[in-house]
2 protein chains.
Amino acid sequence: MQEQGDISQAQLAEKVGASAASCWRRITKLEDAGVLTKTVRLVNADAIDKGLNVFCQVRMKSHDPAARHDFETFIHSYAEVLECYSMSGEWDYLIRAVVGDVREYEALLMEGILTHDAVLTSSSHFALKAVKYTTALPV
Amino acid sequence: MQEQGDISQAQLAEKVGASAASCWRRITKLEDAGVLTKTVRLVNADAIDKGLNVFCQVRMKSHDPAARHDFETFIHSYAEVLECYSMSGEWDYLIRAVVGDVREYEALLMEGILTHDAVLTSSSHFALKAVKYTTALPV
DNA sequence: TAAAAATTGAAACATATCTTTCATCCATCC
DNA sequence: GGATGGATGAAAGATATGTTTCAATTTTTA
C-alpha cells in the first residue's frame with residue numbers, strides 16, 4: 001500500500017495470499033493504531049515546473065524555544081518548503097524546497113526565509129538530479 | 001488529491017464546484033499527461049521504529065559516468081534510503097535515510113554506503129525533529 | 001455575426017468496493 | 001485433554017464508485 005495506495009482489498013488479498021476480509025481487518029487495525037495514515041496522490045514535479053530541488057541550511061540567532069517555535073510555524077506557511085528538519089550539529093534547520101528555477105528560489109530565500117527575525121545565516125545547495133525519491137518506509 | 005489521494009470524484013466535484021464527470025475528465029487528462037502519478041499510502045515512521053532521519057553527504061573518488069551510475073543503482077537498493085540527490089557544490093550526493101536508532105544507521109553507513117568503491121568520504125547529520133514533511137507540490 | 005469546436009452537467013449504467021455475518025479452524029491456557 | 005479466545009475464509013449485502021452517453025452551453029474560429 002505504500003507503493004500502490006489505491007490497491008483494492010481484493011487485489012491486496014490475492015497478492016498476500018489471504019482473504020479480503022482478513023485484509024480489511026488488518027488495515028482497519030493499522031489505521032486505528034495510527035500506523036497507516038493518509039493516502040496521497042503524487043505529482044510529477046517536472047510537469048508542473050517545480051523540478052528544482054534546493055536544500056537550505058539555516059542557523060538561528062537565538063535558540064530559545066519561542067523563536068524556534070515561531071520559525072517553525074513560519075516555515076510551514078511556505079508551500080515550496082516540502083521538508084524541514086531541526087538538526088543536530090552546526091546548522092539548526094535543514095530545508096528542502098522545490099521551485100521552478102533559481103530566480104524563484106532567490107525570491108523564496110530573500111523575501112521569505114531570510115526575512116524571519118530569528119534567522120542568522122543560511123547556506124543553499126542545489127540538486128542536479130533526484131536520484132531516488134520514495135515515500136515508502138522500509139518494511 | 002495531493003493531500004487526500006483517496007477522495008472520490010463526487011466529493012471532489014462538490015469541493016471544486018464542478019460535476020463529477022468534469023472531474024473524471026480532468027483527472028484522466030492529467031494522468032495521461034503524466035502530471036498525476038501514483039497514489040501512495042503514508043506510514044507513521046515513529047510507529048514502525050523508523051523515526052530517525054539521517055542526512056548523509058557523500059563525496060566520490062571518481063566523477064566518471066560509469067562510477068556515478070553504478071553508485072546510483074547501488075543506493076536504490078537500500079530501503080532505508082528514501083531520498084538521494086545528485087548535488088552541486090562540494091558534496092556529490094545528499095541522502096536522506098530513515099532508521100530506528102543510531103546503531104542501525106551505523107550499520108547502514110559502514111556496511112552499506114561506505115563499502116561502495118566509488119565513495120571517498122561522507123558526512124552524516126542527524127535530524128532532531130521533522131518540523132515539516134509533505135509530498136504536496138505547490139499548486 | 002454565424003458556424004464550428006470544445007466543454008460542460010445531469011442522468012443512467014454497470015461494476016467494483018467495503019463491511020458484516022457466521023461457521024470453522026487453530027493455538028493457547030488451565 | 002478439553003475449553004476458551006482469537007483469527008480465518010467464504011459468502012452475502014449494501015453502497016459507493018468510475019465511466020459513458022447525450023443534449024445543452026460556452027468558447028473559439030472564420
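Throughout, protein chains are lettered first and strands after them, A, B, ... in sequence-line order, and every chain is numbered starting at 1. On a predicted model such as this, the values are computed, not experimentally measured, just so you know.
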Novice: Check every atom of D/dT17, C/dC18, D/dT8 against the side chain of A/Ser8 and return the nucleotide holding the closest atom.
Specialist: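 Of the candidates, C/dC18 comes closest.
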
Novice: Give the nucleotide from the list D/dG18, D/dA7, C/dA10 with an atom nearest to the side chain of A/Lys29.
Specialist: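 Output: D/dA7.
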
Novice: Return the value, rounded to whole Å, for the distance between atom CD of A/Gln11 and atom P of C/dT17.
Specialist: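 Nearest whole value for this atom pair: 6 Å.
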
Novice: Nearest-Å distance, CD (B/Glu14) to C1' (D/dA16)?
Specialist: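 Result: 15 Å.
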
Novice: Would you say a side-chain N or O of B/Ser19 is under 4.0 Å from OP1 or OP2 of C/dA10?
Specialist: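 B/Ser19 to C/dA10 OP1/OP2: no side-chain N or O under 4.0 Å.
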
Novice: From C/dC18, D/dT19, C/dT21, pick the nucleotide closest to the side chain of A/Arg25?
Specialist: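 Out of C/dC18, D/dT19, C/dT21, the nucleotide with an atom closest to A/Arg25's side chain is C/dT21.
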
Novice: Once you round it to whole Å, what is the distance between P of D/dT17 and CG of B/Leu12?
Specialist: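 These atoms are roughly 12 Å apart.
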
Novice: Given atom CD of B/Gln9 and atom C1' of C/dT15, what is their separation to the nearest angstrom?
Specialist: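 B/Gln9 atom CD is separated from C/dT15 atom C1' by 14 Å.
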
Novice: Start with the C-alpha gap between B/Tyr93 and B/Glu72, add the side-chain angles, then the distance that decides, and say whether side-chain hydrogen bond (donor to acceptor under 3.5 Å, both in side chains) holds.
Specialist: CA-CA 10 Å; B/Tyr93 290 100; B/Glu72 294 178 9; 2.7 Å; yes

Novice: Within the 3.5 Å criterion, strictly below it, is a donor on A/His125 or A/Gln57 matched to an acceptor on the partner's side chain?
Specialist: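 On atom types as modelled, these side chains qualify, holding a pair under 3.5 Å.
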
Novice: We want to know whether B/Arg41 and A/Thr39 form a side-chain donor-acceptor pair, criterion being a heavy-atom distance below 3.5 angstrom.
Specialist: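 Result is yes, a qualifying pair exists.
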
Novice: Between B/Thr28 and B/Glu31, do the side chains contain a donor N or O and an acceptor N or O under 3.5 Å apart?
Specialist: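 On atom types as modelled, these side chains do not qualify, holding no pair under 3.5 Å.
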
Novice: Measuring from the side chain of A/Trp24 (C-beta onward, heavy atoms only), which nucleotide among C/dT19, D/dG9, C/dT17 has the closest atom?
Specialist: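 My answer, after comparing the listed nucleotides, is C/dT19.
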
Novice: With a non-hydrogen cut-off below 4.0 angstrom, is B/Ala20 in contact with a base, only sugar-phosphate, or nothing?
Specialist: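 Nothing, no heavy atom under 4.0 Å.
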
Novice: Check every atom of C/dG9, D/dT8, C/dC18 against the side chain of B/Ala21 and return the nucleotide holding the closest atom.
Specialist: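 The answer is C/dG9, which lies nearest to the side chain.
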
Novice: Atom CG of B/Asp6 to atom P of D/dA16: distance rounded to whole Å?
Specialist: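 Answer to the nearest Å: 15 Å.
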
